[in-house]
Amino acid sequence: MSRKYFYPFLFLYSIAVIYLAWTTPISPHEAKIFYTGDGLVSLLMQGGKELFGEMFSSSFISIRIFFLLIGFVSIFLYYRMTWIYLKNENDRHLATAVYMLLPGMITALVLANISILVIPLVLLFLLAYDKKWVWAQAFLMLLLFVIHDASVIFFISIFIYAIFKRELIVGLISGFFLLLTIVIDSGVEIGGRPSGHFADIFGLYAALFSPLLFVYFFYTLYRILLREEKNILWYISFIALIVSLILSIRQRVSITDFAPYVVISVVLMLDIFNRSVYVRLPEYQKRYKQGFMVVMAVLVITALTIVFHQAFFPAMKDPRDHFAYKLYQPYWLAQKLKNQNINCYDTSDRKMQYQLRFYGVKGCLEEGEEQ
């Protein structure tokens, strides 16, 4: 992708995600964190609401504005990171564009979540590692340790990489944080019994990447495992993916624990694709390029479905079948109750109760207790 197309794409993309952050109602997860969380995500949401709530009173962007800004920073950092692995400028633009179009990245930019805070730190770590800035690597590991409860996944990946590559200093630093994380709290619950969540995690990854792209992503990591040189980025993504798949056999896995370490490997897919194409004669490259166009078409359609998801509600026979119904139903209910001058409503769904509370509709039991 040349500059001629990349920068207009970046402009349109920015408008799209800002529009989504502006108009999409608060999600159940966001509402729960907003009212019950005590971590950095909750702090940034409440800070945004306090600072920009009056300015953006007619939208939902105030609680997401910090995450949106950090998301744009992560896009810039991702582009800078592609310089490590791709020599051609057009390939760097394309890798960045694919990264931006990932359904998981679009939703991460739009909805307040921990993933969009973790990704820039991982990218900065990769840049610091490439520059051999040991002090910066240690500092970024410290930030990950503090910010992300599941950072043990990252420390395991770096520690194993350091062992295989015989990098003593990186191994000592990552080993220290790995030990510290295990002693205090790993952040990743391990337990349960075989319960059939293995297929679920594949579905979540397919939604995160788009189905065909995830298939190629899985193939890329597997091919590198068997035949290619294994760099630090591969170790981070491969180990995160494998650990999540193994854990899913016995328990339900939180995709936000693993997604920040997996999605960053888009650049490896493009690198492997280029190697597969350019080693072949022109007449044998055609089917590879056709396959690439199909994968990209599905990715673009999936991204557009997310951007224009509101338009699908009127066309659906039952709105409850819409993937975003849980975001909109409490908002519609709150508007209906307010129009009827009803200020309280009780539901057994605790997260939905938080959503209604955000729209100014408290639980009737809460109102009674206050009185």
Side-chain angles (χ1 to χ4, degrees), residues 38-41 70 74 77-78 81 84-85 108 113-192 197 201 204-205 208 221-222 224-225 229-265 267-268:
D38 57 0
L40 182 59
V41 175
I70 294 171
S74 77
L77 291 174
Y78 196 87
M81 188 270 289
I84 301 173
Y85 302 99
N113 65 97
I114 188 63
S115 296
I116 207 64
L117 305 180
V118 173
I119 290 174
L121 297 180
V122 177
L123 295 175
L124 283 170
F125 175 86
L126 291 170
L127 292 170
Y129 176 80
D130 183 61
K131 298 292 186 180
K132 303 187 185 303
W133 294 340
V134 176
W135 62 271
Q137 295 172 47
F139 178 68
L140 290 164
M141 285 188 193
L142 174 62
L143 290 179
L144 280 168
F145 172 77
V146 173
I147 291 174
H148 197 206
D149 291 338
S151 57
V152 63
I153 302 161
F154 178 78
F155 299 137
I156 290 173
S157 304
I158 301 302
F159 184 69
I160 293 175
Y161 170 81
I163 291 175
F164 277 97
K165 298 297 182 179
R166 299 180 181 178
E167 298 203 11
L168 179 61
I169 297 177
V170 175
L172 289 175
I173 298 172
S174 59
F176 169 77
F177 282 108
L178 174 59
L179 182 61
L180 193 61
T181 306
I182 294 173
V183 170
I184 296 177
D185 183 9
S186 69
V188 179
E189 295 183 6
I190 300 176
H197 295 299
I201 194 67
L204 289 172
Y205 277 124
L208 191 72
L221 296 187
Y222 180 70
I224 294 174
L225 173 66
E229 181 181 355
K230 301 164 190 61
N231 55 42
I232 191 170
L233 178 57
W234 178 86
Y235 273 90
I236 293 172
S237 293
F238 180 77
I239 292 175
L241 178 64
I242 293 301
V243 170
S244 66
L245 294 178
I246 293 173
L247 291 179
S248 69
I249 296 174
R250 300 185 61 87
Q251 65 191 63
R252 188 178 297 278
V253 173
S254 174
I255 194 69
T256 55
D257 289 342
F258 300 91
Y261 308 114
V262 175
V263 297
I264 57 176
S265 284
V267 65
L268 297 182

For residues 119-132, please give each side-chain donor-acceptor pair under 3.5 Å, one per line with the distance, not counting sequence neighbours.
{"residue": "Y129", "atom": "OH", "partner": "Y161", "partner atom": "OH", "Å": "2.6"}
{"residue": "Y129", "atom": "OH", "partner": "E167", "partner atom": "OE1", "Å": "3.2"}
{"residue": "Y129", "atom": "OH", "partner": "E167", "partner atom": "OE2", "Å": "2.4"}

How far apart are the closest heavy atoms of [X] and [Y], and which atoms are they?
X    : Y    : value
I264 : P260 : CG2-O, 3.6 Å
N113 : V41  : C-CG2, 4.0 Å
H148 : Y261 : ND1-OH, 2.8 Å
L233 : Y85  : CB-OH, 3.5 Å

Quick one: [atom1] on [X] to [atom2] on [Y], what's the gap to the nearest 0.5 Å?
X    : Y    : atom1 : atom2 : value
I153 : L144 : CD1   : CG    : 11.0 Å
I255 : Y205 : CD1   : OH    : 4.5 Å
M141 : F154 : CE    : CZ    : 5.5 Å
I236 : I156 : CD1   : CD1   : 12.5 Å
I224 : S265 : CD1   : OG    : 7.5 Å
K165 : I232 : NZ    : CD1   : 10.0 Å

Next on the checklist: When you compare the side chain of V267 with that of Y78, does any pair of heavy atoms fall below 4.5 Å?
Outcome noted: yes
Under 3.5 Å donor-acceptor pairs involving side-chain atoms of residues 169-177, not counting sequence neighbours:
{"residue": "S174", "atom": "OG", "partner": "V170", "partner atom": "O", "Å": "2.8"}
{"residue": "S174", "atom": "OG", "partner": "G171", "partner atom": "O", "Å": "3.2"}

Next on the checklist: Go through it in stages, so that I can follow the logic: the residues are L221 and W234, the test is side-chain contact (heavy atoms from CB on, under 4.5 Å), and I'd like the CA-CA distance, side-chain angles, deciding distance and then a yes or no.
Outcome noted: CA-CA 7 Å; L221 296 187; W234 178 86; 3.6 Å; yes
Next on the checklist: S115: which residues meet the side chain to side chain donor-acceptor pair (under 3.5 Å) condition with it, sequence neighbours left out?
Outcome noted: none
Item to check | Stepwise side-chain contact (heavy atoms from CB on, under 4.5 Å) test for I182 and L178 | outcome: CA-CA 6 Å; I182 294 173; L178 174 59; 3.9 Å; yes
